[in-house]
Structures are given as structure tokens and as C-alpha cells.
Amino acid sequence: MTAPAVSVVVATRDRPAALERCLTALTWQTERSLEIVVVDDASADSAAVVAVVASVLDAADRPPATRVVQGPGSGPATARNLGARAAAGVVVCFTDDDCVALPRWAQQLAAACASGAAAAGVTVADPAAGRAAVAAQLLTHALQVASLDAATGNLGFAPTCNLACHAQILRRLPFDESCPLGAGEDRDWCARLAAEGVVLRFVPKARVEHRPQLGLSGLVRQQLRYGRGAGRCPAAGGGRRLSGAAFYRRIARDALAAGPATAAIVAIAQGAVTAGALLEPSAPRRR
């Protein structure tokens, strides 16, 4: 059999309903030479993951080759590395189980990676996920936009829910598995990518809709983790500052535009990020 052109790695844990939406969207991709690698990172009910995969493939008109890889429950960095090693595609795309990719997403990212680069698209929050999810995505998007070099159109940072690169890059630059919290490994990876001289192309048309089930308490816990991750990797972002006055002005402007309730949640989230960073001001880098 001919090797697929593109592999999509989806790490999942204990979210079968979200995984079903994610995989269904991936079966609608216009990139036909596609495989899906689902990494079950020690779900409590692994049989439910297998059942969801089988159900989605049975319902698809042209189901892509799909496999399930069992992970040890060591966090998303390890899970993504397992998926990347199992992937047969020339280009490897990453998304999360609570994300829905638009039909041309994989094709657009893969085209941007054709010359050995990496690429990332735009992730938007599903309004149905609630204000906490909108606030979380607003912060991540602001971080991504702050890293954009207007002269080249290249990024210094992108989240792993909407990211792709040539498989050869992942073989020499795996995700740092010493980040089991699911925080900071994306910033660390982007920093090492830039240090290698690999460009991270911005593909605005490659869109993913994110539907995390957070709530306010979940958002605070998430942002605490993100702050701790930033504390572990303060220089992340390929040498470009991912914060500063312009960054915070953008956050304030976007938060106020989203309404006073969302703005208040964004302020709480930013406080949690700061608290998390202070918890680990000099945590050692591990390999």
C-alpha cells in the first residue's frame, strides 16, 4: 500500500463524545491520502475509545486508514510523540479530541509544510462551549498573534491543537516529555523549532473549532498549568517576546469586545497564569 501523504494525530483521554465529533470532522477532510492515529492516553474506558473509532469509520463514506495506539497516561507530550512515531505520513498534523477541523484543514497545513517547514492555522472557540472556553481561546490566540512576524508571515508560537510539520522534523524534535501537566510543551517545541532554523508558517484559512468543557474552575486550573509551563520555559517562542505592553493591550481590547462578563473571566485567567508562573520561577529543564 502507498504511504499516506498526511497523518493526523489525536491524543485523547476520557472524552469519547468529544472524540466522536473530532473524528467525524476528520473523515470530511478533502485530503484523501490521509490516515488518523488516535492515541488513547490511558482512558478509564479504553473500550469506549475503540468503539467510537469503529462507529465513526462505519458511518463515513470514505473512511481514512485509522489506528488506535495505547498510551501510558503520561500526558499529551508523550501521547503526541507516540502518535508521531506511529504515523506513516510525510506530514504529521496535530489536533485535540475536543476540536473540530474544517474540511480543508489537513490539506492546507500539509501544503504549507511541503518544503520542510512547520505550519499552524487559526483556532476559534465554539460559542456553545461557554464564556470560560471563549476566554481561554482568546488568550491563546493573543499569544499566537503576538508571535507573528508581520514581515515574513511566520509565527513564533502555535498551540498543538492546530499544528503540523514534516515528519522528519518530529523525528529530531519530539515534544518534551518532562511536561506531564499539558502545559508549556507547545511553547518549548516552538522555541526549539526556531532554534533549528525551521519556519513556522501561518495558514489563517486552516481553521479548527475548539470546544473545551472548562467552566470557571477548570479555566483557572488550566491557566495555572499554563503559567507553570511558561515559568519552566521563559524564553519560549523562538526568541520573540510573547508578552509585553502590546500583548496585554490586545488582550484587553479583545476581552472588552467580547463583553464585560468575558472580560472579567479573562482577568481572572490572567491572574491564574501569573500565579502559576510564580509557583515555578526557576524550575529546572529536564530531558
Side-chain angles (χ1 to χ4, degrees), residues 6-11 22 76-77 79-81 83-84 91-102 104-125 136-167 169-170 173-176 179 182-210 212 222-223 225-226 229-230 232-243 247 250-251 254 273:
V6 181
S7 298
V8 180
V9 173
V10 182
C22 174
R80 291 185 185 108
N81 285 341
V91 171
V92 180
C93 300
F94 295 95
T95 193
D96 292 344
D97 60 1
D98 57 357
C99 289
V100 171
L102 270 62
R104 288 175 54 82
W105 170 76
Q107 183 180 36
Q108 289 163 335
L109 288 185
C113 295
S115 61
V122 171
T123 303
V124 298
Q137 197 58 56
L138 184 152
L139 290 168
T140 301
H141 183 67
L143 197 64
Q144 183 176 14
V145 171
S147 79
L148 180 64
D149 186 334
T152 64
N154 297 328
L155 294 164
F157 164 76
T160 41
C161 64
N162 191 346
L163 182 67
C165 68
H166 202 281
I169 295 172
L170 286 167
L173 286 177
F175 293 99
D176 185 352
C179 298
E185 75 279 0
D186 48 5
R187 294 182 69 171
D188 170 85
W189 187 83
C190 290
R192 289 186 287 121
L193 186 78
E196 289 273 328
V198 180
V199 299
L200 178 56
R201 294 198 174 102
F202 186 37
V203 187
K205 291 183 179 180
R207 295 175 68 85
V208 162
E209 188 176 79
H210 195 191
Q222 179 199 67
Q223 297 300 314
R225 292 197 310 271
Y226 288 174
R232 293 184 183 198
C233 189
R240 292 177 54 80
R241 286 184 60 83
L242 298 188
S243 60
F247 171 69
R250 174 178 289 277
I251 287 178
D254 292 350
V273 170

Can you tell me how far [atom2] of [Y] sits from [atom1] of [X], rounded to the nearest 0.5 angstrom?
X      : Y      : atom1 : atom2 : result
Cys113 : Ile169 : SG    : CD1   : 7.0 Å
Leu102 : Gln108 : CG    : CD    : 8.5 Å
Leu143 : Leu138 : CG    : CG    : 11.5 Å
Gln137 : Thr140 : CD    : OG1   : 5.0 Å
Leu193 : Phe157 : CG    : CZ    : 12.5 Å

Inset, instruction - Check the pair Leu170, Phe94 against side chain to side chain contact (heavy atoms under 4.5 Å, CB included), reporting the backbone distance first and the verdict last. - result: CA-CA 12 Å; Leu170 286 167; Phe94 295 95; 3.7 Å; yes
Inset, instruction - Examine the side chains of Arg104 and Gln107 and answer whether a donor and an acceptor come within less than 3.5 Å of each other. - result: yes
Short side-chain to backbone donor-acceptor contact, [X] and [Y], under 3.5 Å:
X      : Y      : result
Asn154 : Asp149 : no
Thr95  : Cys161 : yes
Asn81  : Phe175 : yes
Trp189 : Asp176 : no
Ser147 : Gln144 : yes
Asn162 : Arg207 : no

Minimum heavy-atom distance between [X] and [Y], given as atom pair plus value:
X      : Y      : result
Ala136 : Gln222 : CB-OE1, 3.5 Å
Cys99  : His210 : SG-CD2, 3.4 Å
Val91  : Ala164 : CG1-CB, 4.3 Å
Cys190 : Gly156 : CB-O, 3.3 Å
Cys22  : Val10  : SG-CG1, 4.0 Å
Ala120 : Ala158 : CB-CB, 3.3 Å

Inset, instruction - Determine, stepwise, if the pair Phe202 / Val122 fulfils side chain to side chain contact (heavy atoms under 4.5 Å, CB included). - result: CA-CA 8 Å; Phe202 186 37; Val122 171; 3.6 Å; yes
Legend entry - Residues Val208, Val100; criterion side chain to side chain contact (heavy atoms under 4.5 Å, CB included); working and verdict: CA-CA 6 Å; Val208 162; Val100 171; over 6 Å; no
Inset, instruction - Check step by step if side chain to side chain contact (heavy atoms under 4.5 Å, CB included) holds for Val145 and Arg250. - result: CA-CA 9 Å; Val145 171; Arg250 174 178 289 277; 3.4 Å; yes
Inset, instruction - Tell me, please, which residues at least two apart from Asp96 pass side chain to side chain donor-acceptor pair (under 3.5 Å). - result: Arg80
Report, one line per pair, each donor and acceptor closer than 3.5 Å where one atom sits in a side chain of residues 194-201; sequence neighbours left out.
residue	atom	partner	partner atom	Å
Glu196	OE1	Arg172	NE	3.3
Arg201	NH1	Ala112	O	2.7
Arg201	NH1	Ser115	OG	3.2
Arg201	NH2	Ser115	OG	3.3

